[in-house]
Trainee: 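Just passing along the structure, written as C-alpha cells.
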Amino acid sequence: MSDISPALAWFKSKEWTAFEFQQATWQAYLAGKSGLLNAPTGSGKTYAIWLGCVLEALQSPKVETGLQVIWVTPLRALAKDIRNAMQLTCNEMGLNWEVGLRTGDTSTKERAAQKKQMPQALVTTPESIHVLLSQKDAAKTFKKLKTVVVDEWHELIGGKRGVQMELALAYFRHLNPKPIKTWAISATIGNLQEAAQVLLGDLYSDCAIIRANLNKKIVIESILPDDVKSLPWSGHLGTNMLPSVIPILEANNSTLLFTNVRSQTEVWYQKLMDKAPELAGLVAMHHGSLDTKVRQWVEDALHAGKLKCVVCTSSLDLGVDFRPVDMVIQVGGPKGIARFFQRAGRSGHQPGATSKIYFLPTHSLELIEAAVLKEAIANKQFESRNPLKKSIDVLVQYLVTLAVGPGFYPETTLEQIRQSHAYAKLTDQEWSWCLEFITTGGSSLSAYDEYAKVEIEPDGRYVVKSRKTAMRHRLSMGTIVSDPVIKVRYAGGKYIGTVEEYFISHLKIGDTFWFAGRNLELVRLKDMTATVRNSKKKTGPIPRWGGGKASFTSLLSDAMRQKIEDASKGVFEGPEMQKLKPLLEKHAKLSALPHTNQLLVEQIKSDEGTHIYMYPLEGKYIHDVLAALLAYRISVSQPISFSIASNDYGFEILTDLDIEIEDFLELDLFSEENLMDDIYASINNTEMAKRKFRDIAAISGLIFQGYPGKNVTNKHLQASSSMIFKVFQDYDPENLLLKQANEEVLSLQFEKSRLKSALSRINQQEIIVKKLSQPTPFCFPIMVDRLRERYTNELLSERIAKMQLEFGD
DNA sequence: GACCTGCTGCGGCGTG
C-alpha cells in the first residue's frame with residue numbers, strides 16, 4: 001500500500017471554496033457509497049470525487065491495470081479539459097495511472113492502443129460507451145470496472161441519452177459481482193432525489209446526496225428602459241436596448257450575451273459591430289450551426305481572456321464550464337428558471353464573488369417574466385427533468401449493439417434491463433416483440449432481409465454475423481437525430497457552418513446573405529454544399545434555423561399568473577413591475593387583468609373577421625393544442641374554419657365570420673370528456689407522429705442515414721421513413737415503434753399531463769369576456785405573430801401601420 | 001404604442 005498523505009496534502013494545499021463539500025464527497029466515496037453531487041460550477045466537484053478514486057487506488061497494494069473508472073460527460077468538448085485535470089492530479093498526487101479519452105474525436109491510433117490496454121480511467125460520452133459495447137470483447141473491457149461517474153446528469157436524464165446511460169449501467173452491474181459505485185453530478189433541478197434514483201438503481205437505498213452549500217449570491221438586474229413606452233409591445237430581438245449593453249461590456253473583462261435563437265445571435269453580433277466598431281476583434285459569436293473549429297477557437301480565446309464579449313445561444317451553456325466569465329446578459333425570456341440560474345452562475349467565479357446577470361427584455365410583458373425569475377431563484381424553485389420510460393427505439397438499438405458486440409442471451413439480458421428505471425416495467429410481450437423485430441424485422445417487414453439483422457446461435461445466443469449489418473449499425477449509433485443540412489464553405493474549401501435547405505433554396509446564385517458575421521455571396525449549390533465568397537454588400541437575409549421551441553415551464557406559468565393577479569390588486573413589487581405599472585393599468589382599463597381563478601377572453605372585430613384571444617399563460621405548446629381543440633370543438637357544432645396563432649401568454653383563433661364568443665362558451669369547450677379523442681381529431685396528429693417516427697426509425701435502425709460526410713438528403717430520409725410509417729399503419733398497427741411515435745407526440749410534444757391539469761384548472765376558472773375595439777398589450781404580440789407568417793418584413797410593417805389606422809388611437 | 005423567432009448534444013467507414 002502506498003502512502004496517501006502526499007495526495008491529501010496536495011489536495012489540502014489548494015484553496016478550495018467548498019472544502020467541506022469536497023471532503024464529505026470523497027469520504028462517502030471511500031466508505032463505498034454511491035451518490036449524487038449537487039453543486040454549482042466552481043465548487044471543485046470534479047476534484048472532490050476524483051480524489052476519492054485516487055485515494056482508493058493509492059490504498060491498494062499495487063497499481064492495477066485495466067479500466068476501473070469511467071467518467072461520462074455529455075459534451076465531448078469538456079472531455080479533454082476533464083481528462084487533463086484528472087491526469088494532472090494523478091501525477092501530482094503520486095498515482096501511476098493513465099487517464100484516457102474516448103470520444104468520436106479519438107484517433108484510430110489511440111483507439112488501437114486502448115484496445116490493447118485500456119487506461120485505468122476513461123473520460124467519455126454515453127455514445128462512445130455504446131460503441132465500446134459493440135465490440136466483441138466488451139465484457140473483458142469492462143470487467144474490472146469499479147466506478148462510473150456521470151457528469152452533468154441533469155442534461156442527460158430527460159432524454160434518450162439518459163436512457164442509454166441507464167442501459168450501459170445495467171450492463172456493467174451485471175458483469176461484476178461487486179457493486180459498481182455510481183455517482184451523478186448534477187446542477188440544481190427540481191427532482192434531485194428522482195435523478196439519483198434513476199441513475200443509481202438498486203444502489204439508491206444506500207446513497208449519499210451531497211450538496212455544496214455555497215450559498216452563492218446571485219444578483220439579477222433587469223436592463224430597464226427609461227420609459228416603458230420605449231419597449232415594444234411585441235418583438236423578440238431586443239436590439240433597441242443595444243445602447244445600454246455597450247457600457248456593460250466596457251465595464252467588464254468578459255461578458256456572455258445569451259440569445260434564445262441562432263439568427264438572433266447573428267443579428268446581435270452584426271448590430272454590435274455596427275454600433276461599436278471599436279470592439280471589432282474583441283467580440284465573437286457562438287452557436288450550434290457554426291463550424292466546431294470556430295467555436296473551439298472562441299472558447300479558447302474566451303479562456304485566454306482575449307474576448308470582451310461572446311454573443312451566443314445555449315451552445316455555450318455547458319462549454320464554458322472551465323472558462324469562467326465576469327458578466328452574463330440574457331436577452332429575452334429564458335423560459336425556464338433552472339436555465340436562467342445556470343447561466344447566471346457562469347459569472348463571478350472567484351471565491352466569495354457574487355454572480356451577476358442582466359436580464360434584457362425584448363418586449364414589455366417580458367418584464368413580468370423578469371420579476372418572476374427573480375423571485376423563483378430567491379425561493380430556490382427549479383424545474384424537474386423527467387426520465388423517459390420504455391423507449392423501444394433505444395432498447396432495440398441497444399440489443400443490436402450487444403449482438404454486434406459480444407452477443408446476448410435473452411433471459412439474462414432481460415433481467416439486466418429490467419433493473420433499469422426506464423425498462424423496469426417492460427412486459428414479456430414487449431420484450432418478445434423487440435426480439436422478433438431485431439431478428440425478422442417484425443410482421444410487416446419480414447419479407448426484407450435487411451431488417452433481419454440478428455441471428456440466433458444454436459446455444460441461444462443472439463448475434464449479428466453480417467459484416468455489412470455490423471458496420472451500418474456502428475454508423476448509426478446514438479440517439480441524436482439531426483436534420484440534414486447544407487454545408488457552407490468558401491471556394492477555397494474553408495468550412496464555415498451549416499444552414500437549412502429551405503433557406504438556401506430561396507436564394508439565387510449571386511445573392512448575398514449574412515452568416516457567421518459575414519456577408520456572403522452564393523457561388524454554387526451542389527451536393528448539399530453551398531459554396532460562397534465574401535461580399536462587400538451590406539444587405540441580405542440572415543438565415544433562420546428550425547429547432548426546438550422553448551415554452552414556458554409550468555413553474556414559470558404559475559408564478560406569472562400570480563404576478564398578474566397581484567397587478568390587478570394594485571400590487572407592483574420590484575423595479576420591473578413598477579416600470580410596467582402604467583402599461584398594465586392601461587391594459588386593465590382596456591380589458592382586464594385576470595386573477596388566478598379567472599380566464600380572460602378577449603374578442604375583437606376587424607376587417608379580417610372575429611378574433612378571439614384567451615390567456616391561460618401555459619406556454620406556447622399547450623396553447624397550440626388548446627387553440628386547435630377549441631377550433632375543432634366549435635367547428636363540430638357548426639361549419640366554421642379558424643386560423644390559429646399562439647405565444648407563451650395565450651392564443652388567438654380567428655374566423656372571417658361575424659360571431660359572438662358567448663354563443664360558443666356555452667358549449668363546454670374545455671370539457672375533459674373525450675379529451676384525447678378530440679385532440680387526436682383536432683391536431684394533425686399523424687403529421688407530428690410522422691416527424692417523431694422519423695427519429696424513432698433512425699434510432700431503431702429502420703432507416704440508414706448514410707455514410708459519414710455523405711448524408712442522404714432530407715427528402716430521401718423523409719420519404720423512406722414515411723414509407724415505413726405507412727406500412728406499419730396499414731399492416732402492423734400494433735407496431736411498438738409506431739405506438740411510441742404517437743405516445744411521444746402526446747407526452748413530449750404536448751405535455752399530456754400538463755395539458756390535462758391546465759384544462760381542469762380552466763374548467764374551474766371564471767371566464768371574463770371583454771369585447772374590445774382595439775388591441776391590448778396582451779393580444780397585440782399574438783396578432784403580429786400570426787401576420788408574420790403571411791407577410792414578408794416590409795409587408796408586415798405596412799400591415800402593422802394599417803392596423804394602427806384601422807383601430808385608430 | 002406597435003418588426004425581424006425558435007436551443008443543444010454524438011457517433012461511425014472505406015477509399016484515394
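Letters A, B, ... are given to chains in the order of the sequence lines, protein chains preceding strands, and every chain is numbered from 1.
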Trainee: Output the single nucleotide from dG9(B), dT8(B), dG12(B) whose closest atom is nearest the side chain of Arg262(A).
Mentor: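 Nearest nucleotide to the side chain: dT8(B).
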Trainee: Please confirm whether any donor atom in the side chain of Ser234(A) sits under 3.5 Å from an acceptor in the base of dC3(B), or the reverse.
Mentor: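 When only heavy-atom distances are counted, Ser234(A) does not reach the base of dC3(B) through any donor-acceptor pair under 3.5 Å.
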Trainee: With sugar-phosphate meaning primed atoms plus P, OP1 and OP2, does Lys271(A) contact a base, only sugar-phosphate, or nothing at under 4.0 Å between heavy atoms?
Mentor: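 Here Lys271(A) touches the bases of the nucleic acid.
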Trainee: How would you label the contact of Thr239(A) with the nucleic acid (heavy atoms, under 4.0 Å): base, sugar-phosphate, or nothing?
Mentor: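 It contacts nothing in the nucleic acid.
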Trainee: Where the side chain of Arg111(A) is concerned, which of dC10(B), dC3(B), dG12(B) is the nearest nucleotide?
Mentor: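 The answer is dG12(B).
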Trainee: Considering every strand and a 4.0 Å limit on heavy-atom distances, what is the contact class for Ser482(A): base, sugar-phosphate, or nothing?
Mentor: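 Here Ser482(A) touches the bases of the nucleic acid.
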Trainee: Could you tell me whether the phosphate oxygens of dG12(B), OP1 or OP2, come under 4.0 Å of any side-chain nitrogen or oxygen in His473(A)?
Mentor: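 It does not, given that no N or O in the side chain of His473(A) lies less than 4.0 Å from OP1 or OP2 of dG12(B).
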Trainee: Got a sec, which residues hit side chain to side chain donor-acceptor pair (under 3.5 Å) with Thr469(A), two or more places apart in sequence or on another chain?
Mentor: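 By the side chain to side chain donor-acceptor pair (under 3.5 Å) rule, Thr469(A) matches Ser466(A).
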Trainee: Glu576(A): which residues meet the salt bridge (Lys or Arg N to Asp or Glu O under 4.0 Å) condition with it, sequence neighbours left out?
Mentor: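 Listed in chain order: Lys374(A).
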Trainee: Mind checking Leu237(A) for me? I need base, sugar-phosphate or nothing, with any heavy atom below 4.0 Å counting as a touch.
Mentor: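 Touches a base.
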Trainee: Test for a donor-acceptor pair under 3.5 Å between the base of dC7(B) and the side chain of Ser314(A), counting only N and O atoms.
Mentor: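 Present.
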Trainee: Please tell me if Thr125(A) has a side-chain N or O lying less than 4.0 Å from either OP1 or OP2 of dG11(B).
Mentor: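 So the side-chain polar atoms of Thr125(A) do come within 4.0 Å of the phosphate oxygens OP1 or OP2 of dG11(B), strictly under.
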Trainee: Would you indicate what Arg161(A) reaches in the nucleic acid, counting non-hydrogen atoms under 4.0 angstrom: base, sugar-phosphate, or nothing?
Mentor: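 Sugar-phosphate: the residue Arg161(A), judged by heavy atoms under 4.0 Å, touches backbone atoms but no base.
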Trainee: Would you tell me if any nitrogen or oxygen in the side chain of Arg472(A) comes within less than 4.0 Å of OP1 or OP2 on dG12(B)?
Mentor: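 Negative; the distance criterion is not met.
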Trainee: Answer yes or no: is there a side-chain heavy-atom contact under 4.5 Å between Leu132(A) and Leu122(A)?
Mentor: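 Leu132(A) reaches Leu122(A) side chain to side chain.
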Trainee: Does the ring-ring contact (aromatic ring centres under 6.0 Å, His included) test come out yes or no for Phe513(A) and Phe503(A), once each step is laid out?
Mentor: CA-CA 10 Å; Phe513(A) 63 102; Phe503(A) 172 76; 5.7 Å; yes
Trainee: Is Ser476(A) near enough to dG12(B) that one of its side-chain N or O atoms lies under 4.0 angstrom from OP1 or OP2?
Mentor: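 No, Ser476(A) has no side-chain N/O under 4.0 Å of OP1/OP2 on dG12(B).
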Trainee: Looking at dC7(B), dC10(B), dC3(B), which one has an atom nearest to any side-chain atom of Glu127(A)?
Mentor: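 Among the listed nucleotides, the one closest to the side chain of Glu127(A) is dC10(B).
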Trainee: Hey, does the side chain of Ser263(A) come within less than 4.0 Å of dG6(B)'s phosphate (OP1/OP2), counting only N and O?
Mentor: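 Yes, because at least one side-chain N or O of Ser263(A) sits under 4.0 Å from OP1 or OP2 of dG6(B).
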Trainee: Out of dT8(B), dC4(B), dG11(B), which nucleotide sits closest to the side chain of His236(A)?
Mentor: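 Selected nucleotide: dC4(B).
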Trainee: Nearest of dG6(B), dG11(B), dG9(B) to any side-chain atom of Arg76(A)?
Mentor: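 For the Arg76(A) side chain, the nearest candidate turns out to be dG11(B).
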Trainee: Could you grab the distance from atom OG1 of Thr125(A) to atom CG of Leu78(A), nearest 0.5 Å is fine?
Mentor: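 Thr125(A) OG1 to Leu78(A) CG: 12.0 Å, rounded to 0.5 Å.
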